[in-house]
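Predicted model only: the values in this text are computed from it and were never measured. What's counted below: heavy atoms across the whole structure, side chains too, no hydrogens, waters or symmetry copies. Counting starts at 1 for both ligands and their atoms, following the listed order.
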Amino acid sequence: ATAPEKMPSPDTSTAKSDTQGAEFVRVQGRQFVLDGKAYYPVGVNFWFGAYLGAEGEQGDRTRLLKELDLLHSLGVNNLRVLAVSEDSELVRAVRPAIVNAKGEFNESLLQGLDFLLAEMAKRNMTAVLYLNNFWQWSGGMSQYVAWHKGTPVLDPDVTGEWNAFMQNSAEFYRIADAQVRYHQVIKTLTGRVNSITGIAYHQDPTIMSWQLANEPRPGSDADGRPNVEVYIQWIKTTARLLHQLAPQQLVSTGSEGVMGSIGDPAVYVAAHELPEVDYLTFHMWAKNWGWFDAKNPAATFTGSLEKAAAYIDTHIDIANRLGKPTVLEEFGLDRDGGAFAADSGTQYRDIYYQTVFNQLHERAVAGDAIAGYNIWAWGGYGRSQRADFIWQPGDDFMGDPPQEPQGLNSVLASDASTLAIIKQSTADFASLAVTEKTAL
Ligand SMILES: O=C1NC[C@H](CO)[C@@H](O)[C@@H]1O
C-alpha cells in the first residue's frame, strides 16, 4: 500500500499549542541539534514504560517515578519505548496489548504512555517510540500477518523455527490490508492528544523520533533476499507517512544494522540513504550472534570485544559516508555465568559497557557520526519472583521482554558498578555537547 498523497491531518483541535517555539531535536549533518547546540541522546531501553505508566493495577506509577528519578540522576536523557503492542496468542507476547484485532486501543495503556511522556518532559528526557516489532514479544508484524490470513500465528517459541518466523514476519511488508491497519495505528498515535499535558503527540518535543519498528529485517538471512525491494519500499512509504503526520519529529527505522540486513551492508545503506530516514540506528548482540558465551568467558570475551569494536566502527563509518547521525540503540551482555538473579555479578558486562562507551566517545570526540546510544535494557527496581524467571502477566516488568528470562540483560537499580559506568558515560557525552560549537 502506498500512503495517499494528501494525508488527512490528525484532529488536534483540543490540543494545546503551547509547544510553539519549543525546540524539537533536529538533524544537522552528522549530529543531532537541540536549542542550537549539539545533542547526544544517551540512555536506556525502557520498552515497558507505557505499561508502568498505566493507572491502577495495570501499571505502577509510583515505581515509574522512582525509575525516572534514578535514571535522571544517572544523566540519562533518552528512553527508547515500545509505543504499540498487538493482541496475540503468541505464547511469549506481552499481555495486555495496546491494540486488538478490531483496531481498538487499550485507553488505559495509552494513558500510561501519556503519563510516561509527561513525566519524561519534566526530566528533560526525549523518547524514541517504536510502532511495531519484527519479533514476537509484542505481537508485532507476525500478528498482523495472522490477522490478515485468519490463521493461527506462527509461534517461534512453540515451533523453534526462527527462519520460518522471520520470513512470515516479512510478509507483513507485502500485505496491503496489514499496511492499512498499521497506517491507522500510526495516525492514531501521532494524532493522539496527551490526556495529561493536552499536547498532541506530533507536536510534543518530548518525542524525538518515531521508529518504524523494533529490529525490522527483510526476512531471514537464508531466504530474505527476494524481500529486500519490498522492505526498502516499506521503509520509504512508512517514513513518508510519518513525515506527513509529524513533520516536526524525526523518523528512524529501528534496524540492527548489517546483522539485521541479511548480512549485506548494501541493503543497510539502501535502507538508510533514503532521504525520508533522518538518522541511522544499529544494535549489537554479542550473545545472540554467537560472539560471547557467558559460560565460557575465558575463551570468548576477548573475541567479543574485538568483534564489537569492529561492528561499531563499521556502522559509524557508514553513517559518516551517508552524512547522517547514527545511534547504537541496543547493546547488552549477560550477567556473570549467564545468571539471572539480581545478586549475581556483572564483571564482564561492566568491562563490555566501559569498552563500548569508550569507543563511542572517542569517535564522537573525533567528530564522527556516532550521536547517541541506549543500553538494553533498564530493569531498575523490577524483580522476578519466579524460579524459572519466565514472565507471566501481572509480574513486574523488567528490561527483558517476556520472551527472555527476566534478568538476562536487565540493568538493575542494585547494579551499582554498572550504574557508575553509565553515569560517567552520560556525563562525558553531556560535556561533549556543551563544548561543541554548533552553528545555529
Ligand atoms: O530488540 C531486541 N533485541 C535483542 C534483545 C535481547 O535479546 C531482545 O530482547 C529484543 O527483541
Side-chain angles (χ1 to χ4, degrees), residues 43-51 79-86 88 90-94 97 128-143 155-157 160 162 165-166 168-170 172 209 211-217 220-221 252-261 280-294 304 307-308 311 315 327-335 338-340 346 348-349 352-353 356 373-380 382 384 389-391 395-412:
V44 304
N45 277 275
F46 197 75
W47 70 269
F48 55 92
Y51 283 82
L79 303 180
R80 182 170 175 257
V81 179
L82 176 76
V84 185
S85 53
E86 291 76 23
S88 177
L90 284 157
V91 293
R92 292 290 184 84
V94 64
V128 175
L129 300 183
Y130 46 101
L131 293 156
N132 208 325
N133 198 343
F134 185 73
W135 306 112
Q136 83 286 31
W137 53 266
S138 59
M141 295 180 188
S142 61
Q143 187 52 54
D155 193 334
D157 293 299
W162 286 94
F165 169 78
M166 288 190 267
N168 181 65
S169 283
F172 168 74
S209 173
Q211 194 162 87
L212 275 51
N214 176 52
E215 303 199 335
R217 293 188 178 191
S220 70
D221 288 1
S252 56
T253 62
S255 173
E256 300 151 277
V258 173
M259 288 294 280
S261 306
L280 290 86
T281 64
F282 66 110
H283 301 181
M284 188 164 69
W285 284 103
K287 174 200 179 77
N288 302 356
W289 299 345
W291 304 346
F292 180 61
D293 177 358
S304 300
K307 293 182 178 85
Y311 197 74
H315 287 79
V327 176
L328 173 56
E329 57 168 34
E330 285 189 18
F331 69 96
L333 203 77
D334 314 52
R335 304 184 78 90
F340 309 130
T346 59
Y348 289 97
R349 176 185 290 176
Y352 185 70
Y353 271 44
V356 169
Y373 63 77
N374 302 85
I375 64 111
W376 182 281
W378 188 251
S384 173
F389 296 94
I390 298 299
W391 185 86
D395 287 358
D396 276 5
F397 287 107
M398 294 179 72
D400 306 292
Q403 90 284 8
E404 288 172 322
Q406 300 296 290
L408 176 67
N409 291 303
S410 291
V411 173
L412 307 176

Within the distance-only criterion (no hydrogens, no angle test), does the side chain of Ser85 pair as donor or acceptor with the backbone N or O of Ser138 below 3.5 angstrom?
no
Nearest protein heavy atom with distance in Å, relative to atom 9 (O) of ligand 1:
Glu404 OE1, 2.6 Å
Between Ser384 and Gln406, is any side-chain donor less than 3.5 angstrom from a side-chain acceptor?
no
Hey, which atoms in ligand 1 end up nearer than 4.0 Å to a heavy atom of Gln403?
8 (C), 9 (O), 11 (O)
With nothing but distance in play, are any N or O atoms of Trp135 less than 3.5 Å from an N or O of ligand 1?
no
Atom 2 (C) of ligand 1 sits nearest the protein heavy atom Glu330 OE1, 3.2 Å
Hey, which atoms in ligand 1 end up nearer than 4.0 Å to a heavy atom of Asn214?
1 (O), 2 (C), 11 (O)
Do Phe397 and Trp391 have ring centroids that are under 6.0 Å from one another?
yes
Do any nitrogen or oxygen atoms of Asn409 lie less than 3.5 angstrom from nitrogen or oxygen atoms of ligand 1?
no
Can you tell which part of Ala377 has a heavy atom less than 4.0 Å from ligand 1: side chain, backbone, both or neither?
neither
Heavy-atom contact under 4.0 Å between Lys287 and ligand 1?
no
Measure the acute angle between the ring planes of Phe165 and Trp135, then classify it against the limits of 30° and 60° as parallel, tilted or perpendicular.
parallel
Ser220 side chain to Met166 backbone, donor-acceptor under 3.5 Å:
no
Give the atom numbers and elements of ligand 1 that come within less than 4.0 Å of a heavy atom of Pro401.
9 (O)
Starting from atom 11 (O) of ligand 1, locate the nearest protein heavy atom and write down its residue, its atom name and how far away it is, to 0.1 Å.
Trp137 NE1, 2.8 Å
Classify the side-chain pair Ser209/Ser252 by whether it contains a donor and acceptor separated by less than 3.5 Å.
yes
Using the ring centroid of each side chain, check whether Trp289 and Trp291 are separated by less than 6.0 Å.
yes
Can you list the atoms of ligand 1 that are under 4.0 Å from a heavy atom of Glu215?
1 (O), 2 (C), 3 (N)
Note: ligand 1 atoms sitting under 4.0 Å from heavy atoms of Asn288 are 4 (C), 6 (C), 7 (O)
Please report whether the ring centroid of Tyr353 lies less than 6.0 Å from that of Phe331.
yes
